[in-house]
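This report concerns only the one structure given below.
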Amino acid sequence: MSKEITSRSTDYSQWYNDLVIKGELADYSAVRGCMVIKPYGFALWENMRDVLDKMFKDTGHVNAYFPLFVPKSLFEAEEKNAEGFAKECAIVTHYRLKADPDRPGKLMVDPTAKLEEELVVRPTSEAIIWNTYKNWIQSYRDLPILVNQWANVVRWEMRTRLFLRTAEFLWQEGHTAHATRQEALDETVKMLEVYADFVENYMAVPVIKGVKTPQERFAGAEDTYCIEALMQDGKALQAGTSHFLGQNFAKAFEVKFSDRDNKLDYVWATSWGVSTRLIGALVMAHSDDEGLVLPPRIAPLQVVIVPIYKGDEQKGAIDACVHELMQSLKPMGIRVKYDDNDNARPGWKFAEYEMKGVPIRLAIGARDLENKVVELARRDTREKSTVPLEGLAERIQQLLEEIQQQLFNKALAYRNDHITDVDTWDQFVSLLDTKGGFMAAHWDGTAETEEAIKEKTKATIRCIPLDNKQEAGYCILTGKPSAQRVLFARAY
RNA sequence: CGGGAGGUAGUUCAGCCCGGUAGAAUACCUGGUUUGGGACCAGGGGGUCGCAGGUUCGAAUCCUGUCCUCCCGACCA
């Protein structure tokens, strides 16, 4: 059938693409590197967005919106940030098209409509936002500013992959301004905790919280905190970042405030973001060869009900039973769909909803009505059981939580099993190829060694875990002394 | 951006080498029979062969350019 998907063992990349396309999360578009997020995929994003948005608001943040375009002169103000993103910027140079005299009916860029100053399509919004904050901040009384924006950004990547790395993507970016270094640092860590909470408890993907090495740091940050997740093929994926920006942007944009003692100082900053890339992480963390497996808390559909009947009379009886069941499920906030489309037969629907990762499927036929039961199938374990109609809604509610927990436990067991303490270079190299996952290894702390290891093995330091155990040892590459292990992995 | 593969019906693909009226499966439409793991029969509709040039009496097929996608690499706050 056309809907068959490549197995993970045959071709992991193809498996991932098949899931995204055939699970109807997204599609390719006519625009290089840009994808269409389809309704089912967007529903998933909306659920994720809604949860995160509430978490941000519960921690005191408010939403705002800043322009898509950044004048080049503003973009280049914070030099490190500008340099870091320069290679992947889309730039608007003109503002008008005109009829092409050489090609009837076609258009050309009007050379007389060249912009005085080019506009950079934002790859991130620190520049335009800090240029704005300059006008908002005079006194410590104006601080803190705790603003988030939901937006699209553009990064002209050389090689793109659905959700994992697209030229345009959706994200949120928080940009906060503080009166003290400590307050900004606290904010950075607080938002990292929010991300970890969300990814683990809603997406059921376990993460390691840590801090990036200077090499891997966000351009313009003093410190980059991150959450790192592990995919089923043993590669790591950066799921979210929270940056302590120090006073870098305040200095670049001259944002000063008067403190209580009427002394002028630069404002302290943070920024933090997660993107539609999280959907890629979600797909790769839980899904199997039958299709998507979505965690109940953010699944667009949590329960699908498939009727099995012969003739209108049976259908009528099943309809009545299902409608009653839906009346009890909906008030519980359970997202349920009754698929009584007569054009598709039950077997087709079973395969289709497995492909789309719906956590629970119920099948109800005349036989079941007689016995006052339904057939219940779990997507995660693919187990089928016959359960009584009596108390079914409560049972489903409970089961959704159980599935959520089970998905997390399974991913956690896999992740924990794939953090390996490694003490020799040979072991490091061979385990990267055979087992994959995180290698907890000693490192001498230098950028040169980090770079050399990356060159030789394609493994990077994903992070130095927060509250990392201090333990004396020797760098796996250079043999120089080291005070702690750091996590290496190949990454997306 | 370098190497490789590809773009033909909604979808997956054959046809191309060797130029001569555009095919299959599936999906879709109509009617009927069906319905507990991707139903069956009969009939029917649907494609400027990615786009733009060129060669030719004639181009899906040969040539040039260009756009898009996939895989590997480089790159990746």
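Lettering follows sequence order; numbering is per chain, from 1. Computed from a predicted model, the values in this text were never measured in an experiment.
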- Task: Return the residues of residues 361-374 of chain A meeting this criterion: a heavy atom under 4.0 Å from some atom of RNA chain B. Order them by number, or give none.
- Result: A:Arg361, A:Ala363, A:Gly365, A:Ala366, A:Arg367, A:Asp368

- Is there a Watson-Crick or G-U wobble partner for B:U11 with both distances under 3.5 Å, and which nucleotide is it? B:A25

Distances for protein N/O vs nucleotides 7-9 of chain B N/O pairs under 3.5 angstrom?
none

- Message: Tell me whether the NZ or CZ atom of A:Arg361 lies within the 45° cone about the ring axis of A:Phe350 and under 6.0 Å from its centre.
- Response: yes

- Task: Using only heavy-atom distances, decide whether a donor-acceptor pair under 3.5 angstrom links the side-chain of A:Lys384 to the base of B:G37.
- Result: yes

- Message: As a test of reading the structure: which of B:C70, B:A74, B:C68 is closest to the side chain of A:Arg32, going by heavy atoms?
- Response: B:C68

- Base, sugar-phosphate, or nothing for A:Arg345, non-hydrogen atoms under 4.0 angstrom? base

- Item | Side chain of A:Lys454 (C-beta onward), nearest among B:G38, B:C70, B:C76 | B:C76

- Task: May I ask you to say what A:Glu354 touches in the nucleic acid, namely base, sugar-phosphate or nothing, with a heavy-atom cut-off under 4.0 Å?
- Result: base

- Answer with base, sugar-phosphate or nothing: what part of the nucleic acid does A:Gly33 contact at a heavy-atom distance below 4.0 Å? sugar-phosphate

- Applying the 3.5 Å cut-off to both distances, the Watson-Crick or G-U partner of B:G36 turns out to be none

- May I ask you to say what A:Ser13 touches in the nucleic acid, namely base, sugar-phosphate or nothing, with a heavy-atom cut-off under 4.0 Å? sugar-phosphate

- Task: Can you tell me the pairing partner of B:C49 across any strand shown, Watson-Crick or G-U wobble, with both distances under 3.5 angstrom?
- Result: none

- Query: Using a cut-off of 4.0 Å on non-hydrogen atoms, how would the nucleic acid contact of A:Val31 be classed: base, sugar-phosphate, or nothing?
  - Reply: sugar-phosphate

- Query: Taking the inter-plane angle between the rings of A:Phe56 and A:His61 on a 0 to 90° scale, is it parallel (under 30°), tilted (30 to 60°) or perpendicular (over 60°)?
  - Reply: perpendicular

- Message: From the set B:C76, B:G36, B:U35, return the single nucleotide nearest to any side-chain atom of A:Tyr309.
- Response: B:U35

- Message: Check for me whether A:Lys235 meets the cation-pi criterion with A:Tyr492, that is, NZ or CZ under 6.0 Å from the six-membered ring centre and within 45 degrees of the ring axis.
- Response: yes

- Classify the nucleic acid contact of A:Phe85 as base, sugar-phosphate or nothing, counting any heavy atom under 4.0 Å across all strands shown. base

